[in-house]
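Okay, structure first, notes after.
Heavy atoms only: backbone and side chains are in, while hydrogens, waters and symmetry mates are out. Counting begins at 1 with the first residue of the sequence. Fair warning: this is a prediction, and the values are worked out from it, not measured in the lab.
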Amino acid sequence: MAHGVLSFPLTAFHDDGSLDPDGFRAHVAARLAAAPGGVFPACGTGEFFSLDEDEYRQVVAITVEEAAGRVPVVAGTGYGWAQAARFARIAEEAGADALLVLPHYLVAAPQDGLAAQLEQLAARTRLPLVAYQRGQVAYTADTVRRIARVPNVIGLKDGHSDLDRLQRLTLAAPEDFLFFNGAATAEIQARAYATVGVPAYSSAVHAFAPEIAGAFFHALRAGDRDTTGKLLRDFYVPLVELRDRVPGYAVSLVKAAARLRGERVGPVRAPLTDPPPADLAELKALLTTGLDLVGAPL
């Protein structure tokens with residue numbers, strides 16, 4: 001999965017908010033055509049928190065069918081361990097290769113509890129687990145040592161961007177333990193993460209502009225600082241500034257950008273809200289600039 005951008009597809013909905021399986025299938029197929037390193041359905045960008053179990057089953061099954069073994073399919077799961085285990089069983093039945101364990105719901109918890117959450121889930125699924133630290137979940141080096149001893153806990157996705165802490169975690173883990181940069185708009189910090197031994201990253205931009213995401217990824221791996229610098233200055237940083245204006249734009253702005261490119265992904269579900277016309281106009285101009293930089297049409 002370090003050999004390509006990690007893709008987090010959007011879950012497609014009809015205008016009335018119901019699941020659009022055909023729209024989702026087309027969206028996933030387009031993501032796979034751009035050769036990601038792995039595909040992660042029903043995660044944060046895919047609005048996992050808004051899906052019921054039947055919708056989740058359809059989303060994971062469609063992704064597995066479209067991937068057809070070409071790349072790993074890592075489905076999201078979350079809430080408390082009991083509910084996470086229900087989703088894990090569904091993902092396993094649908095053919096997923098692994099699970100991304102999203103931060104648990106609402107409450108803060110001590111390190112023993114964070115580790116026990118993963119241990120309880122791991123005991124109830126055969127699928128490999130990637131822990132996701134973000135929000136109220138932040139592991140210590142001792143906890144990483146503990147969870148790494150669980151046979152099917154294989155890695156950690158980091159959304160805190162505390163590189164001092166992350167370096168300590170990478171040094172505490174076994175050499176074959178996987179680490180991923182899961183910062184919001186991860187390209188902004190991709191160069192910094194790579195310096196502490198975490199080159200693999202997720203890309204929300206891949207959900208609407210795989211041409212930009214791919215160009216950045218290949219320039220980064222080639223050490224082309226001119227290209228990465230220009231994309232960061234003229235596209236990624238302005239995108240983050242727009243994203244940070246409204247809570248939830250990390251998902252709804254991405255979905256709006258996909259719609260601007262003619263993708264049938266539909267609106268976001270509450271409590272998220274779609275961007276108003278002024279923000280959409282700014283997003284379209286920014287998207288046009290980014291695509292021009294890599295020689296791709298809107």
Side-chain angles (χ1 to χ4, degrees), residues 5-13 15 17 27 31 40 43-51 76 78 102-103 105-106 132-138 157-163 181-193 201-213 215-216 228-294 296 298:
V5 172
L6 304 181
S7 182
F8 285 66
L10 300 156
T11 299
F13 300 123
D15 288 342
H27 176 68
R31 307 284 72 73
F40 290 64
C43 293
T45 307
E47 299 179 73
F48 167 78
F49 56 85
S50 77
L51 301 176
L102 303 173
Y105 173 68
L106 189 60
Y132 189 5
Q133 65 168 16
R134 190 182 185 122
Q136 74 271 31
V137 176
K157 182 183 179 188
D158 173 68
H160 285 296
S161 303
D162 181 339
L163 297 183
N181 167 5
T185 315
E187 286 91 344
I188 290 286
Q189 301 188 63
R191 295 193 296 203
Y193 269 81
Y201 64 88
S202 58
S203 175
V205 170
H206 196 270
F208 64 86
E211 304 96 327
I212 298 173
F216 183 90
T228 56
K230 188 166 185 59
L231 286 169
L232 287 169
R233 282 190 303 271
D234 297 343
F235 175 73
Y236 282 102
V237 169
L239 178 67
V240 168
E241 291 172 350
L242 178 57
R243 182 204 70 199
D244 288 348
R245 289 182 194 169
V246 178
Y249 264 17
V251 176
S252 57
L253 205 68
V254 170
K255 212 165 197 183
R259 291 195 302 272
L260 285 172
R261 301 203 71 195
E263 295 216 36
R264 182 177 147 187
V265 294
V268 292
R269 279 181 172 173
L272 300 179
T273 57
D274 290 307
D279 286 352
L280 286 176
E282 187 171 342
L283 175 62
K284 184 174 182 179
L286 180 56
L287 180 56
T288 300
T289 296
L291 291 168
D292 284 346
L293 288 173
V294 300
L298 180 63

Problem - Under 3.5 Å donor-acceptor, Ser252 side chain and Asp274 backbone - result: no
Handout entry: Polar side-chain atom of Asp279 near backbone of Glu282 as donor-acceptor pair, under 3.5 Å
Key = no
Practice task
Evaluate the side-chain proximity of Leu106 to Gln136: yes if any heavy-atom separation is below 4.5 Å, no if none is.
Solution key: no
Completion exercise
Separation between CZ (Phe8) and OG (Ser202), nearest 0.5 Å, reads 4.5 Å
Exercise for the section: Identify the two heavy atoms, one from Thr289 and one from Asp234, that lie closest to each other, and give their separation to 0.1 Å. Expected result: CG2-O, 3.9 Å
Handout entry: Separation of Leu293 CG from Phe235 CZ (nearest 0.5 Å)
Key = 9.0 Å
Problem - Heavy-atom closest contact (Ile212 atom, Gly290 atom, distance) - result: CD1-C, 3.5 Å
Practice task
Step by step, work out the side chain to side chain contact (heavy atoms under 4.5 Å, CB included) result for Leu231 and Glu187.
Solution key: CA-CA 10 Å; Leu231 286 169; Glu187 286 91 344; over 6 Å; no
Handout entry: Counterpart residues, ring pair (Phe, Tyr, Trp, His ring centres under 6.0 Å), relative to Tyr249 (two or more places apart)
Key = none
Practice task
Might you point out which heavy atoms bring Pro271 and Phe49 nearest each other, and give the distance in Å?
Solution key: CD-CE1, 4.2 Å
Exercise for the section: Over all heavy atoms of both residues, which pair between Phe13 and Ser50 is shortest? Give the atoms and the distance, please. Expected result: CZ-OG, 3.9 Å
Handout entry: Chi angles and distances behind the side chain to side chain contact (heavy atoms under 4.5 Å, CB included) call for Leu291, Arg261
Key = CA-CA 11 Å; Leu291 291 168; Arg261 301 203 71 195; 3.8 Å; yes
Exercise for the section: Mind checking the CG-CG spacing from Leu283 to Leu260? Nearest 0.5 Å is all I need. Expected result: 5.5 Å
Exercise for the section: Would you name the heavy atoms of Leu232 and Pro238 that are closest together and state the gap between them? Expected result: O-CD, 3.9 Å
Handout entry: Interatomic distance, Ser7 atom OG to Arg31 atom CZ [nearest 0.5 angstrom]
Key = 6.0 Å
Handout entry: Short side-chain to backbone donor-acceptor contact, Tyr132 and Gly182, under 3.5 Å
Key = yes
Fill in the blank from the handout: dist Thr11:OG1 -> Lys255:NZ (nearest 0.5 Å) comes out at 6.5 Å
Practice task
Write down the atom of Ala258, the atom of Val265, and the distance for their closest heavy-atom approach.
Solution key: CB-CG2, 4.0 Å
Exercise for the section: Flag the pair Thr45 / Pro9 as yes when at least one side-chain heavy-atom distance between them is below 4.5 Å, and no otherwise. Expected result: no
Practice task
Taking Ser203 for its side chain and His206 for its backbone only, find out whether a donor-acceptor pair lies under 3.5 Å.
Solution key: yes
Practice task
Establish, yes or no, whether a centroid distance under 6.0 Å links the rings of Tyr236 and Phe216.
Solution key: yes
Exercise for the section: Check for a donor-acceptor pair, side chain of Arg264 on one end and backbone N or O of His27 on the other, with a separation under 3.5 Å. Expected result: no
Exercise for the section: Starting at CG of Leu253, measure out to CG of Leu272 and round the result to the nearest 0.5 Å. Expected result: 11.5 Å
Handout entry: Trace of the side chain to side chain contact (heavy atoms under 4.5 Å, CB included) decision for Leu287 with Phe208
Key = CA-CA 9 Å; Leu287 180 56; Phe208 64 86; 3.8 Å; yes
Exercise for the section: Starting from the C-alpha separation in whole Å, work towards a yes-or-no answer on side chain to side chain contact (heavy atoms under 4.5 Å, CB included) for Phe40 and Lys157. Expected result: CA-CA 12 Å; Phe40 290 64; Lys157 182 183 179 188; 5.9 Å; no
Handout entry: Test item: Tyr201 and Leu6 side chains (from C-beta on) under 4.5 Å apart, heavy atoms
Key = no
